[in-house]
Each structure stands twice: as C-alpha cells, then as structure tokens.
There are 2 protein chains.
Amino acid sequence: MNASLSIAVVGGTGPQGRGLAYRFALAGHDVVLGSRDAGRASEKADEINDKIGSPGVVGADNAAAVDKASVVLLAVPWEGHANLVTGLAGGLEGKIVISCVNPLGFDAGGPYGLVLEESAAQETQRLVPTARVVGAFHHVAALSLWKTPDPLHHEDVLVCGDDSEAKSVVQDLAVSVTGKRGIDAGALRLARQLEPLTAVLISMNKRYRTRSGVAITGVDQG
Amino acid sequence: MNASLSIAVVGGTGPQGRGLAYRFALAGHDVVLGSRDAGRASEKADEINDKIGSPGVVGADNAAAVDKASVVLLAVPWEGHANLVTGLAGGLEGKIVISCVNPLGFDAGGPYGLVLEESAAQETQRLVPTARVVGAFHHVAALSLWKTPDPLHHEDVLVCGDDSEAKSVVQDLAVSVTGKRGIDAGALRLARQLEPLTAVLISMNKRYRTRSGVAITGVDQG
C-alpha cells in the first residue's frame, strides 16, 4: 500500500472526479478538488467531507489544486483537453499525472470511441514531457464510486504507463477503489485501447439498464 | 439456445479458429473447417474429431467451407483481410458472418491496436453489404479454448452488430464457449473498441505469465 498521497483531482466537480476523490479521501489520502471555479470546488469538497464525516478534502481552482499536490488526476472532458493540459503544464512537470479521460463521441447510434492517433493520456505526455503519465480509472462507474463506500471488489482497475514506478504507485492507489491493486495493462500507448472501451460499457449500461464494469480473469492481484 | 447450426470457420487451422471450431463442434454444431489448403484443413478437422471422439468436423478450402454453411466465422489474420473477404464475397452474401479478427501491430514495445478508421468487422460489412456481420469471440484465449472442454465460465463473450437477429444467434452461440449467452455490447462500429482490446490482454499475458480474459460485471446473462 501507498503511504498517504497528496492528490489533486482536476475536474473534481464532475461525476468521475468527484467519485474518485471520495474514494481517495476515504482511504486516507489528502485530496484537493480542482475546478475552473474555486467556489464550486469548495462546495463539492464539503459534500465529500459531509459524506465521510471529516474535513479533509479542500477545494481550489485547478491550477492551485495542482500546485498543492504531488499526484494529479485529470478527470476532465475530452473537449478542451489539450488547452486545459497546456494551461496547467507548469504545475504538472515531474509529477505523477493520472489520466482517466475518455475521448468519446455520442450520436443517435450511441457512444463510440473517436478515431485518434493518440489517446488523451499520450496527448498529456506529449504536452508535458516530464510528467509521469499513467492511464487508469477509465472504467469504474461514477455512480458506483459515489453510491456506497464499499470497495468495487468485482471490478479491476487497468493501469498503463511507461514509468514503472509511477505506474506502481497508481496500481496501489487502485486499492482505494476496488480493494485490490490495479492490473499492469502495459505501455502508455495502450491507453488508446483502454479509453474508448468506456463507450462499450456505456452502451451495455443502456441496453441492460445497469452499471457495468470490467474485470480481468486469469490475473491474480490479491 | 440455438438449434444446431452449420458453421464454416474460415482460417480454421489457426489457433483461434481451431479452438472455436472445437467448442462449436463439442456443442453439437456442424462445423466445416476452412483453410487456403484443403488438405491441411482436413488434418486439423481430424485433430478435433479425435479430441471429441466423433467424426463430425470436415475440412475444405475456405470457399467450399463457406458454401456449405449458413453461419461463417472469420478467424483470419488482419494481414490480407480485405483480399480474403473480397475473394469470398459471393459465398458470404446474406449469411451471418462472425468476425473475431484483431487488427494488431507488434513491435519491441509489445502489442498495440492499429490506428484504423474502421474495424475488421466494419470492413467486412463494407465489402459484403448483404452480409449480416457480427463481431464476437475476440478475447477468448486460443489455448483456453483448446486445452480443456470446460466452459470458460469466468469470461464473457462481447457481441456487437447492427442486425439484432444475427446478433442474438451469436449471443446464443457463445454458450458453447462460456456456458452463458454472450453480452450485447452494442452497434457494429463498437468492434473498433473490441478488436484492439486484445492487445491489452496479450500485454497482460506477457506481464503476468497467464491467459487473461475479459468479464463484465453488472450484466447478468444467466
């Protein structure tokens, strides 16, 4: 397990960011919730604090949140992603940057993965070459994260990255979500496969009126 | 459950085709193994017959195999895929055509999904517009299919397609592999997400020295 980490959640007022922030805080990590609007971030931080019954989570604007933390989770929409990362680049340098960004399109036929040469995670790596970028937490459903404090035992967090040490930290961090280490899914470029898989999960959620998740068989991560 | 189907496995001498042919035959379906080389197809068919202890599987060249069957599984490499499908187009017209083709690249960094505007399944649909194309069986490991006759209970077969009736037939056919219906993963275009996910599984297989598989949580398919 990790020692307690200091984690900024950029886009922390969105459902995925809020849900992960809640789980990280519940596991004892220091969490700063970031948003474009610092006031809104503080409101959402208080929501999490109320839920947990402790005042540990604070809100800030995204740049200030990044400055306060040693690990940054990017939980923002794909639209405007490059601009957002560029704007935060100075603060992201040298840090572990986790991307759970999903570049999806939606139309009358439902959700689908955009045709891209690089994933959101790779884009972040290109824009901030010294960042230690890791892809993870794409597939855990926001509502499942938020609804109860119970670990999502039946799901797996798939973790990809080129910095082994950073990847290992994020694999440990996954314990706060599923109760077990995340699975090392391989190199950062495999984020091109992990990110749009979320379109398939959303599609199944609609068809089966459920919150689907991914589990990997044959890999024992305790 | 399906009544007994007549299934041609194009590329049936490769590990994935052979493994699926074995499971289909074991479940009582009529299977014709196709290969570029009819003699080699007959040899592999006999291997399956020996394993099952009945003479039900026959071998043929790919075109003859397709002609004999009402359902066709394409289990061929991505390289040469368009040419192969074009060559078989006449025989595929109007039939249920299942694609488990994975357009992957491999280099020193391991396996990865090729950057493509359309999946293999979509390519087949474009080349044979009357075919009832369904994507499925991408993720079940060839060795797991072949090694024992036991259903892969812990894994799920994800099925995508735009022809609901054809998709339902293939969901039923998945019972022969996992012991339960395949999951309706959505529209055919989501094959763009399902196919390259195999790169992630291969990557994990290397890292963990295992045969990984995919399971979906939250969807009950009995």
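Predicted model only: the values in this text are computed from it and were never measured. Labels below follow one simple rule: chain letters A, B, ... track the order of the sequence lines, proteins then strands, and each chain is numbered from 1.
With hydrogens and angles ignored, the 3.5 Å screen pairs a side-chain donor or acceptor of A/T210 with a backbone N or O of B/G218. With hydrogens and angles disregarded, no donor-acceptor distance shorter than 3.5 Å links the side chain of B/Y208 to the backbone of A/I183. Using a distance-only test at 3.5 Å, with no hydrogens or angles considered, a donor-acceptor pair links the side chain of A/T217 to the main chain of B/G213.
By number of non-hydrogen pairs under 4.5 angstrom with chain B, the leading residue of A/H154, A/E117, A/R209, A/R207 is A/R207.
Interface residue B/L114: only backbone heavy atoms are found under 4.5 Å from chain A. Contact of A/L116 with chain B is made through the backbone alone, with heavy-atom distances under 4.5 Å.
Residues from residues 188-200 of chain B that place a non-hydrogen atom less than 4.5 Å from a non-hydrogen atom of chain A comprise B/R189, B/L190, B/R192, B/Q193, B/L194, B/P196, B/L197, B/A199, B/V200, given in numerical order. Proximity to chain B among residues 71-85 of chain A is not found for any residue, judged by heavy-atom separations below 4.5 angstrom. Residues of residues 121-145 of chain B lying under 4.5 angstrom from chain A, judged on non-hydrogen atoms, do not exist here. Within residues 100-109 of chain B, the residues approaching chain A closer than 4.5 Å by heavy atoms are, in numerical order, B/D107, B/G109.
Taking each heavy atom of A/S203 and B/A185 in turn, the nearest pair found is OG-O, 2.8 Å.
Looking only at side-chain heavy atoms (C-beta outward), A/L158 and B/M204 come within less than 4.5 Å of each other. The closest side-chain heavy-atom distance from B/L201 to A/I216 is below 4.5 Å.
Applying the 6.0 Å contact sphere to NZ of B/K51 captures more than 12 heavy atoms from other residues, nucleotides or ligands.
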